[in-house]
Amino acid sequence: MKYISTRGRVAPIGFIDMFLMGLGEDGGLIVPETIPTVSQERLESWSGLSFQHLMFEIVSLYANGEIPDADLKKLIQDSYAGFTSPDVLPLTTLNDSLSVMELFHGPTFAFKDVALQLMGNLYAYVAKQRNEIINILGATSGDTGASAISSVRGKDGIRICILHPNGKVSRVQELQMTTVQDDNVLNLSVNGNFDDCQGIIKELFADLPFKSKYHLRAINSINFVRILAQSVYYFYAYLQLPKEKRANGVSFSIPTGNFGNIFSGMLAKKMGVPINQLLLATNENNILERFIREGVYKPEGFRMTHSPSMDIQVASNFERYLYYFLGEDAVEVSARMERFKSEGRLTFLPEEVARIQRDLSAYGVGNDECLQTIRSYKDEYGYLLDPHSACGIAAYERAGAPDAGTFVSLATAHPAKFDEAIRLLGIEQQFPERIQELFDKPQRQTVVDNAKVEIAKQLESFFV
Ligand SMILES: Cc1ncc(COP(=O)(O)O)c(C=O)c1O
Ligand SMILES: N[C@@H](CCOP(=O)(O)O)C(=O)O
């Protein structure tokens, strides 16, 4: 198995080189040359497997034997040892047709831990085995940053710098990142929004001399390993359901911002998981909903919502979707991405929109609707959703087709991370101890302007 770029100008590379490259050196996103498929028979044979075993089976299909089996098994065991649920990702049944898969039982209480705990350990492994310098540069709207920092803090041979938008992450997210005192962690709080942070890191990754001089590595979902590890929870959710409930396939409602969560589902579907509907749930930053409903991909005014981690306009993994949508035609992807860069929008033909709508459906959840959903699920089921997971449920309620059969809605964060929204409903929640203790710790962060030159200077003095 080799890896190539959506823009076609990266010579095929192996698994570890792909992991280290992060963003394609031609500015595209890395994808596998061919996606491996899993027969229904093989899929069924995995039905009793633990999440860790399933992760091993699926990652093995992509890793080319570049990591010996015993090492990969250990990396995986270590990565999920800190998850607090025995099932790692428990599936809760709410009613006959709806289950919730909780992806937030890792160390930072968000679904990002599922992939990032593994990636942190993989970076440490590669640093040791290949004597590579690992300087991680990432952008976050709150969860990726906290999770990535937790996965590599204090690890030898690794440094990490995370850019987050100043004042636009939740209090708990900010504390999770900025109370970490390890010397290998730098938090830059950028006067701007998440799109600004992501734009700057992408420019720095695209500056190849800078990237190579400072050994920049990616933890965002531009890195295909993120997508790969996240695809495993679609397999796991499917296999955790009783056979009679999944006999006609399963649909998913997926809180989405950077298109990474849902693209991981598309990958699982391409690999052979019988998925009927992939419902993209987003908030008032609804560029992806407009793309799917109207065929126009165009960022509009940034809005702050109750689900700040999805306050994203320009979605990284949109390009991976485009690549498969355009029949893996890298020349056409490059042309369209160039057009997006120069014109600030992409418009799709009516027949293309019809095809997009066969792949995906979408619903952008308003702020009030998000809160109402938290309230009604608390009242009806005694289940407290965080605002991102509530977007998933609201989308299911509004846009989930009645004939789509069994639905799994992904719960992507613990409500304690977004108490600002929960309090608006007059609901008092008890924080897990690990979150409560953050409030007593000193913080460390540097506020910077939304300026590439200033940020590059910070990196030059931090990365060695
Ligand atoms: C809690 C939460 N839910 C959902 C999302 C959406 O995931 P993605 O950006 O991978 O589509 C994010 C981050 O964007 C998040 O932090
Ligand atoms: N919601 C994310 C945004 C970054 O997305 P990523 O999936 O590309 O890391 C966050 O919490 O930071």
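Worth knowing before you read on, the calculation uses all heavy atoms, side chains too, and leaves out hydrogens, waters and symmetry mates. Atoms within each ligand, like the ligands themselves, are counted from 1 in listed order.
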*Taking only heavy atoms of the protein into account, state which residues are under 4.0 angstrom from an atom of ligand 2, in chain and number order.*
Lys112, Thr140, Ser141, Gly142, Asp143, Thr144, Phe194, Asn220, Ser221, Arg226, Asn258, Ser309, Ile312
*asked:* Counting the benzene-type ring for Trp, do Tyr62 and Phe15 have ring centres under 6.0 Å apart?
replied: no
*Per the side chain to side chain donor-acceptor pair (under 3.5 Å) rule, which among Lys417, Lys112, His388 passes with Asp143?*
Lys417
*asked:* Using the side chain to side chain contact (heavy atoms under 4.5 Å, CB included) criterion, which residues pair with Leu424? Sequence neighbours excluded.
replied: His306, Leu371
_Quick check on contacts: which atoms of ligand 1 are under 4.0 angstrom from a heavy atom of Ala413?_
1 (C)
*For ligand 1, which atoms have a heavy atom of Gly260 less than 4.0 angstrom away?*
8 (P), 10 (O), 11 (O)
_Whether Asp207 and Lys211 form a salt bridge (side-chain N of Lys/Arg under 4.0 Å from carboxylate O of Asp/Glu) is what I want to check._
no
*Does a side-chain N-to-carboxylate-O contact under 4.0 Å join Arg9 and Glu25?*
no
*Taking only residues at least two apart or on different chains, which pairs with a member in residues 426-437 satisfy side chain to side chain donor-acceptor pair (under 3.5 Å)?*
Asp419-Gln429
*Is any NZ, NE, NH1 or NH2 atom of the basic residue among Glu319 and Arg7 found under 4.0 Å from an Asp or Glu carboxylate oxygen of the other?*
yes
*Applying a 4.0 Å heavy-atom criterion (strictly less than), which segment of Asn261 is in contact with ligand 1: side chain, backbone, both, or neither?*
both
_Neighbour count above 12 (heavy atom, 6.0 Å) for Lys378 NZ_ = no
*What atoms of ligand 1 come within less than 4.0 Å of a heavy atom belonging to Phe111?*
2 (C), 3 (N), 4 (C), 5 (C), 7 (O), 10 (O), 12 (C), 15 (C)
*Check each atom of ligand 1 against the heavy atoms of Phe259 and keep those under 4.0 Å away; list them by number with element.*
11 (O)
*Considering only the protein, which heavy-atom contact is closest to atom 2 (C) of ligand 1, and what is its distance?*
Thr412 OG1, 3.5 Å
_Considering non-hydrogen atoms of the protein only, which is the closest contact for atom 9 (O) of ligand 1, and what is the distance?_
Asn258 N, 2.7 Å
*Can you find a side-chain donor-acceptor pair between Asn285 and Gln313 that sits under 3.5 Å?*
yes
_Give me the nearest non-hydrogen protein atom to atom 11 (O) of ligand 1 as residue plus atom name, then the distance to 0.1 Å._
Gly257 N, 2.9 Å
*asked:* Between Glu294 and Arg290 (salt bridge meaning N to carboxylate O under 4.0 Å), is one present in this structure?
replied: no
*Which of these, Arg226, Lys112, Met310, has its nearest heavy atom closest to atom 13 (C) of ligand 1?*
Lys112
*asked:* Among residues at least two apart in sequence or on other chains, which ones pass side chain to side chain donor-acceptor pair (under 3.5 Å) with Asp87?
replied: none
*Identify the closest protein heavy atom to atom 14 (O) of ligand 1: which residue and atom is it, and at what distance?*
Ser309 O, 3.3 Å
*List every atom of ligand 1 that sits less than 4.0 Å from any heavy atom of Asp143, numbering the atoms from 1 in the order shown and giving each element.*
1 (C), 2 (C), 15 (C), 16 (O)
